[in-house]
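The chains referred to below are lettered A, B, ... by the order of the sequence lines, with proteins before strands, and numbering in each begins at 1.
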Amino acid sequence: MAAVQVSEAEKVYIMHGVQDDLRVDGRGCDDYRHMEIETDVVSNTSGSARVKLGHTDILVGVKAEMSRPKLEKPNEGCLEFFVDCSANATPEFEGRGGEDLGTEIANTLYRVFDNGHNIDLKSLCICPMEHCWTLYVDVLLLQCDGNLFDAISVAIKAALFNTRIPKVQMIEDEEGTKEIELSDDPYDCMRLDVENVPCIVTLCKIGHRHVVDATLQEKACSMASLLVAVTRKGTITCVRKVGGGSLDPESVFEMIETGKRVGKALHTPLQEILQKEESLGKKRHKVGFLG
Amino acid sequence: MAGLELLSDQGYRVDGRKPTELRKIQARMGVFAQADGSAYIEQGNTKALAVVYGPHEVRGSRSKCLHDRAVLNCQYSMATFSTAERKRRPHGDRKSSEMTLHLKQTFEAAILTQLYPRSQIDIYVQILQADGGNYSACVNAATLAVVDAGIPLRDYVCACSAGFVEDTPLVDLSHVEESSGGTQLSLALLPKAEHLALVEMDARLHQDHLEGLMDAATRACKDLHAVLDRVVREHLQEVSTQLGE
């Protein structure tokens with residue numbers, strides 16, 4: 001991630017503030033920054049979403065393509081993640097510079113979405129053992145201002161909510177050859193149920209307390225962070241520690257509890273906003289990057 | 001695409017435009033706060049983002065540093081979801097490297113690099129949605145981003161693509177028109193002096209038609225110049241109002 005230089009005095013200032021539940025921009029330890037979400041930003045995709053969290057800017061595009069299902073899971077489709085850290089964010093990501101961070105994020109996403117409970121992969125199956133839908137979820141990092149995982153997970157949830165997969169039918173004729181038929185109506189689509197898609201909450205340990213949605217300066221003061229992926233019901237799908245420092249077990253349990261609480265509280269307003277945006281339908285004034 | 005007429009009998013193109021008509025252009029400067037300069041442009045369905053960092057000290061090897069002018073570093077990248085068929089690698093393939101070199105060549109002609117010896121200017125362009133005219137959208141977005149960064153330019157750089165169908169030059173090609181296999185001309189122009197920063201043409205064209213095609217493209221670039229100029233002035237007005245001047 002883009003690094004910020006923070007002096008010792010600033011670090012002490014931030015740590016003392018966090019101990020009293022007061023951060024530099026006036027937030028409490030459990031508060032998120034201002035978040036803006038917009039779906040259907042790129043029309044070439046099956047679904048897309050853009051999330052701005054503070055200065056962090058993420059664009060996610062989902063493309064649905066037909067392919068063969070995996071051998072060990074013949075009745076299911078699959079999700080493939082790809083994260084592109086573009087040079088827009090910082091010149092260090094030019095060429096192959098952003099590949100390390102991109103691979104790390106993509107691997108974490110695979111782990112978060114690995115179990116079969118998040119998305120109903122069986123609904124992506126067209127014909128067992130022969131055809132299925134593969135959803136390529138492509139994440140584009142446009143600006144980095146700390147807390148990438150949270151913004152990415154919210155963007156993925158919004159993009160999957162927005163995804164429209166065309167309905168196909170398998171037709172078998174007399175000789176037994178199977179054909180795939182696409183319905184004539186371009187608006188006849190299948191939507192995904194994103195009720196159980198988790199959101200990632202990153203908790204950074206600063207001093208003796210931990211904060212949610214750390215900015216780059218706060219990240220520079222923390223030694224270690226914990227990533228918790230929480231679903232709407234409060235179930236945890238993945239826990240991962242990042243960073244060079246070490247965490248003692250009690251603080252890990254405390255952080256998981258905070259993560260669960262904050263994560264659960266994130267899902268309800270997110271779902272409401274997505275439904276509201278959807279209900280505006282064609283009348284919605286699309287802003288994208290022009291606003 | 002058999003049976004798809006690029007130019008109908010009444011003189012209308014596939015998307016309803018006249019041959020010399022540009023697509024709808026919407027642009028915005030100052031999209032990102034962290035970069036030195038940034039801009040976003042939409043030409044029809046093609047969406048491009050450009051970000052400029054610099055002038056700053058030369059990063060990486062000191063040997064790249066030039067004693068009398070600034071080094072220009074460009075990168076052209078397409079989002080994997082930008083094309084109709086998913087692209088596997090955003091950059092690093094041959095087409096992107098070629099576009100990167102073209103961008104570098106174009107802007108070296110326009111930016112006053114002699115004012116910044118021993119430094120580096122980075123221009124990064126990202127295509128979010130590709131629907132023909134990728135190079136032109138990149139150049140136009142990058143011009144706005146360079147203006148937003150406050151780097152002195154000789155003149156605006158306006159780019160446009162042009163094609164030739166049934167003895168008529170078509171301007172600002174969309175993806176459908178580009179992939180039909182006809183002549184394709186890309187032109188980058190410095191409008192006031194009418195200097196060409198880049199000219200590139202694919203496919204065969206009879207010599208007699210070349211001048212007509214280049215004239216059409218030049219006129220389109222001048223129209224584009226008017227649009228970009230208006231965007232810059234509006235942005236400047238907005239910024240000075242916000243600053244309270």
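Aromatic ring pairs are classed by plane angle as parallel below 30°, tilted from 30° to 60° and perpendicular above 60°; the pair B:Y40 and A:F289 is tilted.
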### Task
Kindly indicate, with the supporting measurements, whether the criterion side-chain contact (heavy atoms from CB on, under 4.5 Å) is fulfilled by B:Q34 and A:D145.
CA-CA 9 Å; B:Q34 284 185 338; A:D145 190 26; 3.8 Å; yes
### Message
As a quick check of understanding, evaluate side-chain contact (heavy atoms from CB on, under 4.5 Å) for A:N88 and B:V125, giving each step before the final call.
### Response
CA-CA 8 Å; A:N88 281 20; B:V125 188; over 6 Å; no
### Query
Can B:F81 and A:N44 be said to form a side-chain contact (heavy atoms from CB on, under 4.5 Å), step by step?
CA-CA 7 Å; B:F81 46 76; A:N44 246 347; over 6 Å; no
### Query
side-chain contact (heavy atoms from CB on, under 4.5 Å) between B:Q75 and A:F93: does it pass, once the steps are laid out?
CA-CA 11 Å; B:Q75 185 179 275; A:F93 288 162; over 6 Å; no
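Atom-to-atom distance recorded for B:R86:CZ and A:F82:CZ is 7.0 Å, nearest 0.5 angstrom.
Contacts between B:N73 and chain A at a heavy-atom distance below 4.5 Å involve the side chain alone, from C-beta outward.
Not one N or O on the side chain of A:K63 forms a donor-acceptor pair closer than 3.5 Å with the backbone of B:T80. Looking at A:Q143, its side chain never comes within 3.5 Å of a backbone N or O of B:F32 through a donor-acceptor pair. A:H55 contributes no side-chain N or O that, together with a main-chain N or O of B:A33, makes up a donor-acceptor pair within less than 3.5 Å.
In the displayed structure, A:Y110 atom OH is contacted under 6.0 Å by more than 12 heavy atoms of other residues, nucleotides or ligands.
Contact count against chain B (heavy-atom pairs under 4.5 Å) is highest for A:S43 among A:S43, A:S86, A:S48.
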